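As a basis for the values below, the full set of heavy atoms in this structure was taken, side chains included, without hydrogen atoms, waters or symmetry mates. So that the names make sense, note that chain A is the first sequence line, chain B the second, and so on, each numbered from 1. Please read all numbers here as calculations on a predicted model, not as lab measurements.
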2 protein chains.
Amino acid sequence: MSVKADPATGNLADRMARDIQAGVFAPGMWLKQVDLETRYEAKRMEVRRALDQLALKRLVRHVPNRGYHVHVPDDRQAEEVREVRLILETAAAGSIVANATAADIAALRVLAQRFADLILEGTLLDLYEANIAFHAKLLALGSNRELINILWELRGRGPSAPVTQWKTRARIEQSSREHFHMVEAIAAGDAGALRRLTADHILQTEERPPAHEQDGA
Amino acid sequence: MSVKADPATGNLADRMARDIQAGVFAPGMWLKQVDLETRYEAKRMEVRRALDQLALKRLVRHVPNRGYHVHVPDDRQAEEVREVRLILETAAAGSIVANATAADIAALRVLAQRFADLILEGTLLDLYEANIAFHAKLLALGSNRELINILWELRGRGPSAPVTQWKTRARIEQSSREHFHMVEAIAAGDAGALRRLTADHILQTEERPPAHEQDGA
DNA sequence: GGTATAGAAATTGGCGCCAAAATTGGTTAC
DNA sequence: GTAACCAATTTTGGCGCCAATTTCTATACC
């Protein structure tokens, strides 16, 4: 696919963020400004600005006089990010269920299906994009925009999905099943089930038999 | 007061952020680069970089070819920020209580007392600093650093305390009392009480009679 | 043969200058 | 007297150049 000619500064940081998340740049890799210039067809200053923004978001680390390299989250940080995501996504579950219209649910089913289809036919990058699309649509249903923003930002801080999360085909397929289960929970108006499924999805715990007990918090 | 000669770039953004929060720059005010240059004794480029960082943190807004102005959070956003803070700070309460040593509690008492003393003797800015110090020490007890970072950043996004939160002397005194109550809850090892007090502190609800029922989530 | 050192190439990062755009103030026409 | 228009000043923002620092390479010495 061709690189779109969209040289907006803010957009460059986003594009680079996506590429980092998608695993185009390996963790720890040094990002040389000249390379980025040619790769994104951007001016030197835009590259520098984008790198500063990414450094502020902790996606890259800045070492004075050495440059910027892709940040490698240690285990502790990864675990902490998961914990915060767990807190916030479960907190958002209520309003997601409350706000979802029939059209929203249909759209989510389409996105979940697209992800499922791409397991066989698509590349890992396609899969990554489809996953992002599903979760974007899902989160957009929440009523608290600040919460959504933070979650979106937080998603970038964890380890990139293709590299560490989707290690095995089985794991990807489980993710896909979880997507469908989440949609069904929303369709059923069952916020508690959505919370439970979201927690499993983030923590990547093994699939449970359908539980009926009400465990709050 | 003299401006310290600390021209670290990242630090400049923080100093400006503090000044915005403290109300030095009125909401909506245009921040002219030359003024900032002289005020902070910084180079033009540092100012620009700091402004970009603040724009990314949503503390200022950037209008192309017009400049940067202090962001005015609308009511909806302010409410949403409060909601997220509520979720996260109550979530942190558990580990705060668990981690607090006797020395920590003593330190918190000192900081709460300093705030109380400054109600009479200090300026509004002193009060602001003391409040920050208390909450910094409090949050630092949490074990999840990511959560602490987000909360700290979130604090900047809400309306500045002196301008909108501490409207009346009575309100400030209630805040001070709540500080002490929070310390006592920690000393007693009562996470539930700390959660409740934190919620009240953020929402600025009226003081309740000491409740005993267990209301989770 | 391996290591240390010096020189060369490359990379980052800062500074100043200048053009484009906007605001201000004054002047003129209606 | 008011409104519109035009000129002058101010302000932002981009571009290119160059210095400081680091990394790579080749040579010499142990």
What pairs of donor and acceptor atoms, side-chain ones from residues 58-66 of chain A against any protein atom, are under 3.5 angstrom apart with sequence neighbours left out?
none

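Taking B/Phe134 as the reference, B/His179 meet the ring-ring contact (aromatic ring centres under 6.0 Å, His included) condition, with sequence neighbours excluded. In this view, B/Arg157 and A/Glu146, B/Glu153 satisfy the salt bridge (Lys or Arg N to Asp or Glu O under 4.0 Å) rule, not counting sequence neighbours. The salt bridge (Lys or Arg N to Asp or Glu O under 4.0 Å) search around A/Glu83 returns none, not counting sequence neighbours. A search for salt bridge (Lys or Arg N to Asp or Glu O under 4.0 Å) contacts involving B/Arg76 returns B/Glu80, not counting sequence neighbours. For the ring-ring contact (aromatic ring centres under 6.0 Å, His included) test, residues two or more places apart in sequence or in another chain that qualify with B/His69 are B/Trp30. Not a single side chain to side chain donor-acceptor pair (under 3.5 Å) links B/Glu173 to another residue, sequence neighbours left out.
From A/His135, atom NE2 reaches atom CG of A/Leu138 across 7.0 Å, with rounding to the nearest 0.5 Å.
One can place NZ of A/Lys43 at 17 Å from P of D/dG13, the figure rounded to the nearest angstrom. Atom pair B/His69:NE2 and D/dT11:P shows a separation of 17 Å (rounding to whole Å applied). Note: CG (B/Leu51) to P (D/dG14) measures 14 Å, nearest angstrom. Atom-to-atom, CZ of A/Arg49 to P of D/dG13 comes out at 7 Å; the value is rounded to the nearest Å. Between B/Arg48 atom CZ and C/dC15 atom C1' the separation is 11 Å, expressed in whole Å.
Note that the two end axes of the helix from C/dG1-D/dC30 to C/dC30-D/dG1 enclose an angle of 10°, each drawn from 5 base pairs, rounded to 10 degrees.
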Quick test: give all pairs of protein nitrogen or oxygen and nucleotides 6-12 of chain C nitrogen or oxygen below 3.5 Å, distance rounded to 0.1 Å.
from   : atom 1 : to      : atom 2 : distance (Å)
C/dT12 : OP1    : A/Gln33 : N      : 3.0

